[in-house]
Amino acid sequence: MKKIAIIGAGISGLFIANLFKENPNYHVTIYEKNSSIESDEGYGIQLSNNSIKLLNRIGFNTLDNKDKFNPEKIDFYELKQQKKICDLNISEFNSEDCKYTALKRSKLIKFLKDRLDINLLKYNHNISKIEKNNDQINLIFNENNKVICDHLIISDGVFSKGKSLISDNKIKPVFNNSIAIRGNISRNKLNELNEKNISLFMGHNFHYVIYPVNNNNEAFNFIGVLKYKLTANELENYSLFKDVTFFKGIKDNLQSKTSSTILDHLTNIKCFPIFVSKGFVKPGKNIFLIGDAFYAFPPSFAQGASQSIECGSELFDCITNNKNNFYDNRILKVKMINNRSKLNQFAFHLSNPVIVFLRNISLKILTKNKRFLENYLGRIYKN
Ligand SMILES: Cc1cc2nc3c(=O)[nH]c(=O)nc-3n(C[C@H](O)[C@H](O)[C@H](O)COP(=O)(O)OP(=O)(O)OC[C@H]3O[C@@H](n4cnc5c(N)ncnc54)[C@H](O)[C@@H]3O)c2cc1C
């Protein structure tokens, strides 16, 4: 029986562990640095059809429908006037048992975790050394805890220590000149918004997205992305985002961009810098990177978690079928999504009135153009 070690119990690590646990030829263990799994209670996540199809293989379709929300459309608004521009029928890509879904992150994590034997998860394991020894891999956690495995899967997120260790610290994520603002907002504080849809508001260097996370009329998810420069010193200051004055500065910046009805009624607000990947690491035989550790995108295409799941499924197929083409397809897909994410963020943040006018006309046309949608979204959503 081959031993698989997974570093990091996020969406990507938990998903691939769920696939391996069904295969009697492998014994899988997840090593997580924290003492529990962080689930970001309250916040939402969008999953497109490509990942729902893969999640259904491990029973996601049995999750109670009241804990999920299936949007029909994405409504595009101009932020300043709160005026609707057009909509995109996202449910066109749905099939009977595979629908674009939004839910609470905590529900997804709980679903992935609860299906695993509790002994598969080792908490308080912070990776500190990775050494190759012929066909085996030696891992050291917390400086002195040694583990030997046949396959190593590194899924410890955007700031991956596993990736730093195998690349001699050469590849690091970069700040995306933007910060994310997360929160929740009650339905009754939102005017004239279609609650069957995802609502996307575009403004000057700022966009935000609001959507329900279930069918229980609980607070909606709010996620905003603000273009923002940080100095090198600020980036190194880990407590900056907890600093009251800094946070007030962000809020003041937002006041000029969005309606106070939204800002004043946001609860559970968290804000953090967005880091993205630059370049790939291909560690070679029996060591693999998945999820954000492999490549983290700007969040404007809402594909990070879906790609973490897709990437996990592809790696599982490669390992179990003894194939060695994991990186070929993955890099092509990552490049495609990265380009779309960057283009989305650029288009969502335009400010020149003439260009905004032209963007809005283009959006009205493109969101109804089947060929464009098949190419821009279909190639990502249909795997
Ligand atoms: C603002 C924002 C909004 C987003 N919205 C969406 C969305 O709507 N839809 C979507 O698909 N994606 C979205 N994403 C992206 C998505 O959240 C991520 O791509 C996804 O969570 C990555 O999962 P992961 O398992 O690779 O990494 P993570 O979730 O970061 O998990 C990594 C795990 O590794 C552990 N770990 C870290 N270091 C070590 C170590 N040294 N040793 C052991 N364990 C370690 C961590 O504690 C953690 O448990 C969004 C991202 C952002 C920033």
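The analysis underlying the following values was restricted to heavy atoms, covering all of them including side chains, and did not include hydrogens, waters or symmetry mates. Residue indices begin at 1 and follow the sequence shown. Atoms within each ligand, like the ligands themselves, are counted from 1 in listed order.
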Chemist: Measure across Ser95 and Lys99 and return the closest heavy-atom pair with its distance rounded to 0.1 Å.
Modeler: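 Closest heavy-atom pair between Ser95 and Lys99: O-CG, 3.6 Å.
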Chemist: Quick one: closest heavy-atom pair of Ile250 and Cys271, and the distance?
Modeler: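 Closest approach of Ile250 to Cys271, heavy atoms only: CG1-SG, 4.4 Å.
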Chemist: What protein heavy atom is closest to atom 1 (C) of ligand 1, reported as residue, atom name and distance in Å?
Modeler: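 For this ligand atom, the closest protein heavy atom is Ile223 CD1, 3.2 Å.
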Chemist: If we set the cut-off at 4.0 Å for heavy atoms, which region of Asn34 has an atom near ligand 1: side chain, backbone, both, or neither?
Modeler: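 For Asn34, the contact with ligand 1 is made by the side chain alone.
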Chemist: Of all the non-hydrogen atoms in the protein, which one sits nearest to atom 18 (C) of ligand 1, and at what distance?
Modeler: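 Nearest neighbour among protein heavy atoms for atom 18 (C) of ligand 1, to 0.1 Å: Asp292 OD2, 3.4 Å.
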Chemist: I need the atoms of ligand 1 closer than 4.0 Å to a non-hydrogen atom of Ser12, numbered in the order shown.
Modeler: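 So the answer, numbered in order with elements, is 24 (P), 25 (O), 26 (O).
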Chemist: Give me the ring orientation class for His207 and His349: parallel if the planes are under 30° apart, tilted from 30 to 60°, perpendicular past 60°.
Modeler: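 His207 vs His349 ring planes: tilted.
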Chemist: Kindly identify the option in Gly312, Gly10, Ser308 whose heavy atom sits closest to atom 23 (O) of ligand 1.
Modeler: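 Closest candidate by heavy-atom distance is Ser308.
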Chemist: Short list, please: which atoms of ligand 1 are under 4.0 Å from a heavy atom of Gly291?
Modeler: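 So the atoms of ligand 1 that pass are 26 (O).
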Chemist: In the protein, which heavy atom is nearest to atom 37 (C) of ligand 1, and how far is it?
Modeler: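 Of the protein heavy atoms, Asp156 O, 3.4 Å lies nearest.
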Chemist: Taking the six-membered ring for Trp, are the ring centroids of Phe222 and Tyr208 within less than 6.0 Å of each other?
Modeler: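 They qualify: ring centres under 6.0 Å apart.
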Chemist: Among all protein heavy atoms in this structure, tell me which lies nearest to atom 40 (C) of ligand 1, with the distance rounded to 0.1 Å.
Modeler: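 Here the closest protein heavy atom is Asn126 OD1, 3.6 Å.
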Chemist: For Phe93 and Asn49, work out which heavy atoms get closest and say how close.
Modeler: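 Heavy atoms only, the tightest pair is O-ND2, 2.8 Å.
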Chemist: For this output row, return yes or no: ring centroids of Phe246 and Phe241 closer than 6.0 angstrom.
Modeler: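 Yes, close enough.
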Chemist: Can you pull out the closest protein heavy atom to atom 48 (C) of ligand 1? Residue, atom name and distance to 0.1 Å, please.
Modeler: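 Protein heavy atom at minimum distance: Glu32 OE1, 3.5 Å.
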Chemist: List every atom of ligand 1 that sits less than 4.0 Å from any heavy atom of Gln46, numbering the atoms from 1 in the order shown and giving each element.
Modeler: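 Every atom of ligand 1 under 4.0 Å from some heavy atom of Gln46: 7 (C), 8 (O), 9 (N), 10 (C), 11 (O).
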Chemist: Just checking, any donor-acceptor pair under 3.5 angstrom between side chains of Asn145 and His125?
Modeler: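 His125 and Asn145 do have a side-chain donor-acceptor pair below 3.5 Å.
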Chemist: Tell me, which protein residue and heavy-atom name are nearest atom 12 (N) of ligand 1, and how many Å apart are they?
Modeler: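 Sorting protein heavy atoms by distance from atom 12 (N) of ligand 1 puts Ala305 N, 3.0 Å first.
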Chemist: Where is the tightest heavy-atom contact between Ala5 and Leu139, given as atom of each residue plus distance?
Modeler: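 Smallest interatomic distance, heavy atoms only, reads CB-CD1, 3.7 Å.
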Chemist: Looking at Leu200 and Phe348, what are the two nearest heavy atoms and their distance?
Modeler: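 Smallest heavy-atom distance, with atoms named: CD1-CZ, 3.8 Å.
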Chemist: Below 4.0 angstrom from a heavy atom of Gly157, which ligand 1 atoms are there? Numbered from 1 as shown, please.
Modeler: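 Atoms satisfying the 4.0 Å criterion: 27 (O), 30 (O), 32 (C).
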Chemist: Which of parallel (below 30°), tilted (30 to 60°) and perpendicular (above 60°) describes Phe280 and Phe294?
Modeler: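 Judged by the thresholds at 30° and 60°, the geometry between Phe280 and Phe294 is tilted.
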Chemist: For ligand 1, which atoms have a heavy atom of Tyr31 less than 4.0 angstrom away?
Modeler: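 Near Tyr31, the atoms of ligand 1 are 43 (C), 44 (N).
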Chemist: Counting from 1, what ligand 1 atoms have a heavy atom of His125 closer than 4.0 Å?
Modeler: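 Within the 4.0 Å cut-off of His125, ligand 1 contributes 42 (N), 43 (C).
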Chemist: I'd like to check which ligand 1 atoms, numbered from 1 as shown, lie under 4.0 Å from a non-hydrogen atom of Ile7.
Modeler: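 Those of ligand 1 that fall under 4.0 Å from Ile7 are 42 (N), 43 (C).
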Chemist: Check contact between Phe272 and ligand 1, using heavy atoms of the residue and a distance below 4.0 angstrom.
Modeler: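 True for this residue.
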Chemist: Check ligand 1 against Ala9 and write out every atom of the ligand that is under 4.0 Å from a heavy-atom position of the residue.
Modeler: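 Those atoms are 33 (C), 34 (O), 49 (O).
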Chemist: Is it the side chain, the backbone, both or neither of Phe141 that has a heavy atom closer than 4.0 Å to ligand 1?
Modeler: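 Looking at Phe141 and ligand 1, no heavy atom falls under 4.0 Å.
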Chemist: Should the pair Tyr376 and Phe372 be assigned to parallel (<30°), tilted (30 to 60°) or perpendicular (>60°) ring geometry?
Modeler: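 Aromatic pair Tyr376/Phe372 classed parallel.
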Chemist: Over 60° means perpendicular and under 30° means parallel, so classify the ring planes of Phe275 and Phe159, tilted if in between.
Modeler: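 It falls in the perpendicular class, over 60°.
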Chemist: Does Gln307 come within less than 4.0 angstrom of ligand 1, counting non-hydrogen atoms of the residue?
Modeler: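 Contact absent.
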Chemist: Considering heavy atoms of the protein only, find what lies nearest to atom 42 (N) of ligand 1 and give residue, atom and distance to 0.1 Å.
Modeler: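 Looking at atom 42 (N) of ligand 1, the protein heavy atom closest to it is Ile127 N, 3.3 Å.
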Chemist: Give the single entry among Gly304, Gly162, Ala180, Cys311 that approaches atom 15 (C) of ligand 1 most closely by any heavy atom.
Modeler: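 It is Gly304 whose heavy atom sits nearest to atom 15 (C) of ligand 1.
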Chemist: What heavy-atom pair brings Thr367 and Leu363 nearest, and what distance separates the two atoms?
Modeler: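 Taking every non-hydrogen atom into account, OG1-O, 2.6 Å.
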Chemist: I need the nearest protein heavy-atom contact for atom 4 (C) of ligand 1: residue, atom name and distance, please.
Modeler: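 That would be Arg105 NH2, 3.6 Å.
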Chemist: Any chain of hydrophobic side-chain contacts (each under 4.5 Å) joining Ile52 to Ile109?
Modeler: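 Yes; tracing contacts between hydrophobic side chains, which count when under 4.5 Å, links both residues.
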Chemist: Is any N or O atom of Arg182, backbone or side chain, closer than 3.5 Å to an N or O atom of ligand 1?
Modeler: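 No; the residue has no nitrogen or oxygen that sits under 3.5 Å from a nitrogen or oxygen of the ligand.
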Chemist: Is Ile11 in polar range of ligand 1, meaning some N or O pair under 3.5 Å apart?
Modeler: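 Yes; at least one N/O pair falls below 3.5 Å.
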Chemist: Checking contacts here: is it the side chain or the backbone of Ser155 that comes within 4.0 Å of ligand 1, counting heavy atoms only? Could be both or neither.
Modeler: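 The backbone, only.
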Chemist: Would Glu72 and Asn197 count as a side chain to side chain donor-acceptor pair (under 3.5 Å) here? Give the steps.
Modeler: CA-CA 5 Å; Glu72 281 174 17; Asn197 300 340; 5.8 Å; no
